[in-house]
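One structure is given here, and the rest of the page talks about it.
These values consider heavy atoms only, across backbone and side chains, with no hydrogens, waters or symmetry-generated copies. A note on names: the letters A, B, ... follow the listed sequences, proteins ahead of strands, and every chain is numbered from 1.
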2 protein chains.
Amino acid sequence: MKRPTLKDVAQKAGTSLMTVSRVVNNRPGVSDETKAKIMKAIEELGYRPHSDARSLRVGKTGRIGVVVSDIRNPFYAEMVGDIEDLAEKTGMTVIVTDTERKLQQEQRALETLYNSGVDSIIIAPEGYSVEHLESYKKKGINIVSFGVHCPEGNFSEVWIDEIEGARKVGKYLLKRGVKRVVLIMGNPRKFTTSGRTEGFIQGFGKVPDYILHLPVNWQSSYNAVIEMKKLPEAFFCYNDLMALGVIKALREKGAVPGKDVAVVGYDDVFFAEISALTTVRIDKSKMVNTAFTLALSDNVEKIKFVPKLILRKSA
Amino acid sequence: MKRPTLKDVAQKAGTSLMTVSRVVNNRPGVSDETKAKIMKAIEELGYRPHSDARSLRVGKTGRIGVVVSDIRNPFYAEMVGDIEDLAEKTGMTVIVTDTERKLQQEQRALETLYNSGVDSIIIAPEGYSVEHLESYKKKGINIVSFGVHCPEGNFSEVWIDEIEGARKVGKYLLKRGVKRVVLIMGNPRKFTTSGRTEGFIQGFGKVPDYILHLPVNWQSSYNAVIEMKKLPEAFFCYNDLMALGVIKALREKGAVPGKDVAVVGYDDVFFAEISALTTVRIDKSKMVNTAFTLALSDNVEKIKFVPKLILRKSA
DNA sequence: GTGAAAGCGCTAACAC
DNA sequence: GTGTTAGCGCTTTCAC
C-alpha cells in the first residue's frame with residue numbers, strides 16, 4: 001500500500017540507503033554482489049524512485065510544459081502527440097495547457113506551468129505581446145516559441161515564415177487566373193493573421209476583395225459563406241478548419257469546391273488530405289523535434305521553417 | 001534568478017517561515033497586520049509556492065494522469081481538452097500519455113504516470129486485460145476507466161453501453177431496408193469492437209455480409225473500400241475517422257455517400273458534423289465531468305452512459 | 001566500495 | 001498570534 005522508499009530497499013537488502021541510490025542511478029562504486037542483492041530487493045518491493053523528492057533535491061523536474069491555442073484543433077493535437085512521443089523517449093513528462101487563443105489565458109497558462117514546476121515550456125504564443133515569455137525565461141525556465149517570430153525576444157524559437165507561405169498561395173491563385181478572392185482570417189492583432197494576409201497580397205499582387213476577421217473555428221467561416229450573396233472565385237483561409245467550414249457551406253449552396261470556387265487552407269492537418277484540401281504545410285514533425293531539442297538546450301536559437309504549398313482538388 | 005522560497009519571504013517580512021506558510025495557504029491565526037506585510041513581501045519577491053516540495057510533504061501531487069489511445073484522434077483530443085478545462089478550474093495539472101492502441105504501451109504509460117507521481121489516472125483502456133489497472137489502484141492511485149466496462153474490476157468507471165449504441169445503428173439500417181452491410185471494425189480482442197459488432201447484429205437481426213478488422217485509422221478503411229470489387233448498401237464503421245476514409249473512397253469511386261451507399265460512424269467528433277456523417281454520440285462532456293469527479297473521489301462507482309444515434313446525410 | 005550527515009522547500013504538530 | 005522542530009524521499013559531500 002505505502003509506496004516503498006530507498007530506506008525500505010536498503011533495509012531489505014541489508015545495505016545503506018546511499019548504496020541503493022547508487023544502484024538506482026546506475027552510478028559506479030558498488031560491488032556486483034551488493035548490486036545484485038539490491039536489485040532483488042527493488043524487484044520484490046516494486047520500488048520506484050520518487051520523482052518529486054529527486055526533483056526537490058536536484059532542482060530539475062523532468063517536466064516540460066506545452067502551451068497551445070486549442071488542443072481540439074488537430075494541428076495542435078498532432079503537435080502535442082509528437083512532443084509526447086519525444087518526451088516518452090527521453091523520460092520526461094509533458095503538461096499541456098490550452099489558451100483558447102486568449103492572451104490572458106496564455107499568461108495564466110504560463111503561471112500554472114511555472115507553479116507546477118516545469119523545466120521548460122514550448123509555447124505557440126498568441127504573439128502580440130511577449131514580455132511575459134521573457135519574464136519566465138528570466139526565472140530560469142527555458143522558453144521555446146513555436147511558430148511565432150519575435151526577433152527581439154531573448155528565447156529560442158522554431159518559427160514559421162508565414163509571409164512566404166501565404167505568398168505562395170497568392171502566386172498560385174494569380175497564376176490560375178483568379179480575380180475575386182476573399183480572405184478568411186483570424187484575429188488581426190496576431191502575427192499569424194497579419195503575416196498571412198501580407199504574404200498573400202505580396203504574392204497575389206493586389207489586395208483581395210474582402211478580408212474577414214472571424215473567430216477561429218469552422219462554424220464562423222461556414223456561417224459567413226452561407227450568408228454571402230455572391231461567391232468569390234477563391235477563398236484563402238486562416239487554417240484548415242475554417243477552410244472545411246467554407247467547403248461545407250459551398251456544398252450546401254450547390255457550388256463545387258475546386259471547380260466553381262477554389263478553397264485554400266493552412267496547416268495540412270490530417271483531414272485536409274481526407275478532404276482533398278489544397279493547403280499550406282510546414283514540416284511539423286521536424287519543427288517539433290527542433291523545438292524539443294531547444295527546450296532541453298541552454299542556447300538561444302531562432303530557427304526558421306518555410307512552408308510548402310500542397311496542391312489538392314480544392315484549388 | 002533563483003526562485004524565492006518561504007524563507008526569503010519570511011526574512012523580507014521579518015517574520016517566521018511558518019507564518020508565511022499560513023498566509024500562503026489562507027489559514028487562520030495571522031494578524032491582519034503581519035498578513036499585510038507578508039503579502040507585500042510575496043508580491044515584491046514574486047514568490048510562488050514550490051509544488052513539489054509541498055507534494056513531498058503532503059503526499060498528494062495535484063497531478064492527474066490521462067491515458068488515451070491516440071491523442072491525434074479528435075475524440076481523445078476533445079476529451080483531453082475537457083479534462084484540462086476542469087483541471088484548470090480545480091488547480092490540478094494534467095499529464096497525458098498515448099498508447100497507440102497497444103496494451104504494452106498502456107502498461108508503460110501507467111508506469112510512467114506512477115513514476116511521475118499522479119494522484120489519479122483517467123484511462124481509456126484497451127480493455128482486454130485490466131489486472132494492471134487494479135495493481136496501480138492498490139498502490140494508492142485512483143483509477144477511473146473511461147469507456148470500457150470491467151464488472152470485476154475494483155475501480156471506478158464511466159462506461160459506454162456499446163452494445164446498445166450499435167444496436168440502434170443495426171435497427172436503423174434494418175428499418176431503412178438495407179440488406180448488404182459491411183462492418184469496418186478495429187481489434188477484435190477489444191471490447192469496443194466486439195461490443196459494437198454484437199450490438200449491431202442484435203439490432204440488425206442478422207450477421208452482416210462482411211466484418212473487417214482493420215488498424216484504426218482512416219487510411220486502412222479507405223484502402224479497403226478502394227479495393228472492393230462490389231460495394232455493399234451500407235457501412236458501419238468503428239469510428240468517425242474510419243467512416244471518413246470510407247466516404248473518401250466512395251467519392252473517388254463515383255458513389256454518393258448517403259444516396260448510393262449509407263455510411264455510419266461512431267463518436268461524433270467535430271468533423272462528423274462538418275462532413276454530415278451519421279454517427280453514434282455519447283454525451284462526452286458529461287462523461288468527462290463524471291470521470292473527473294470520480295478521479296478526485298474515494299468511492300468506487302460504475303456509471304453507465306448510453307449513446308444516441310445522430311442522423312445526418314450520410315445515412 | 002560503502003555509509004553518515006546535511007539539506008532541497010515545504011507543512012503537521014506542538015510549544016509559547 | 002507566532003515560532004520551533006521534525007521529517008517527507010532523495011542526492012551531494014565527505015569521511016572511512
Side-chain heavy-atom pair A:Val288, A:Phe146 within 4.5 angstrom cut-off: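 Yes, at least one pair of side-chain atoms sits under 4.5 Å.
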Atom pair CG (A:Leu17) and CD (A:Gln11), whose distance is rounded to the nearest 0.5 Å: 10.0 Å
Interatomic distance, A:Asn239 atom CG to A:Asn73 atom CG [nearest 0.5 angstrom]: 5.5 Å
Length of the line joining [X]:[atom1] and [N]:[atom2], which is rounded to integer Å:
X	N	atom1	atom2	result
B:Lys7	D:dT5	NZ	P	14 Å
B:Leu56	D:dA6	CG	C1'	13 Å
B:Asp8	C:dG9	CG	C1'	10 Å
A:Asn115	C:dG9	CG	C1'	14 Å
B:Leu6	C:dA12	CG	P	12 Å

Electrostatic pair A:Arg48-B:Glu111, nearest N-O below 4.0 angstrom: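 So A:Arg48 pairs with B:Glu111 through a salt bridge.
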Side-chain ion pair, A:Arg101 and A:Glu126, N-O less than 4.0 Å: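 The answer is no: the pair does not qualify as a salt bridge.
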From CA spacing to verdict: side chain to side chain contact (heavy atoms under 4.5 Å, CB included), B:His132, B:Leu103: CA-CA 10 Å; B:His132 52 301; B:Leu103 183 57; 3.9 Å; yes
Under a 4.0 Å heavy-atom cut-off, which of [range] touch DNA chain C?
range	result
residues 34-52 of chain B	B:Tyr47, B:Pro49, B:His50
residues 23-33 of chain A	A:Gly29, A:Val30, A:Ser31
residues 13-20 of chain B	B:Leu17, B:Met18

Check the interface with nucleotides 14-16 of chain D: list each N/O to N/O pair with the protein under 3.5 Å, or write none.
none

Any donor-acceptor N/O pair, B:Asn299 side chain to B:Glu301 backbone, under 3.5 Å: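 The answer is no, because no donor-acceptor pair under 3.5 Å joins these two groups.
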Contact list for residues 59-105 of chain B, test ring-ring contact (aromatic ring centres under 6.0 Å, His included), sequence neighbours left out: none
Selection from C:dG7, D:dG9, C:dA12 that lies nearest to any side-chain heavy atom of B:Arg57: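 Nearest to the side-chain atoms of B:Arg57, counting from C-beta on, is C:dA12.
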Residue B:Arg54, side-chain heavy atoms: nucleotide from C:dG9, C:dT11, D:dT11 that is nearest: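 Looking only at side-chain atoms, B:Arg54 lies closest to C:dT11.
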side-chain contact (heavy atoms from CB on, under 4.5 Å) partners for B:Glu78, two or more places apart: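 Only A:Arg72, B:Pro74, B:Val269, B:Phe270, B:Lys284 meet the side-chain contact (heavy atoms from CB on, under 4.5 Å) criterion with B:Glu78.
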Test side-chain contact (heavy atoms from CB on, under 4.5 Å) applied to A:Lys139 - qualifying residues, sequence neighbours left out: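 So A:Lys139 forms a side-chain contact (heavy atoms from CB on, under 4.5 Å) with A:Tyr114, A:Tyr136.
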Residue pairs passing the side chain to side chain donor-acceptor pair (under 3.5 Å) test where at least one lies in residues 51-62 of chain A, sequence neighbours excluded: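 Matches after skipping sequence neighbours: A:Asn25-A:Arg54, A:Asp52-A:Arg63, A:Asp52-B:Arg63, A:Thr61-A:Asp119.
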Contacts of type salt bridge (charged side-chain N to carboxylate O under 4.0 Å, His left out), residue A:Lys302, not counting sequence neighbours: A:Glu157
Residues which pass salt bridge (charged side-chain N to carboxylate O under 4.0 Å, His left out) with A:Lys286, listed by chain and number, not counting sequence neighbours: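 Scan of A:Lys286 (salt bridge (charged side-chain N to carboxylate O under 4.0 Å, His left out), adjacent residues dropped) gives none.
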Pairs touching residues 6-25 of chain B that satisfy salt bridge (charged side-chain N to carboxylate O under 4.0 Å, His left out), sequence neighbours left out: B:Lys2-B:Asp8, B:Lys12-B:Glu44
Global bending angle along the helix from C:dG1-D:dC16 to C:dC16-D:dG1, which compares the axes of five pairs at either end, to 10 degrees: 40°
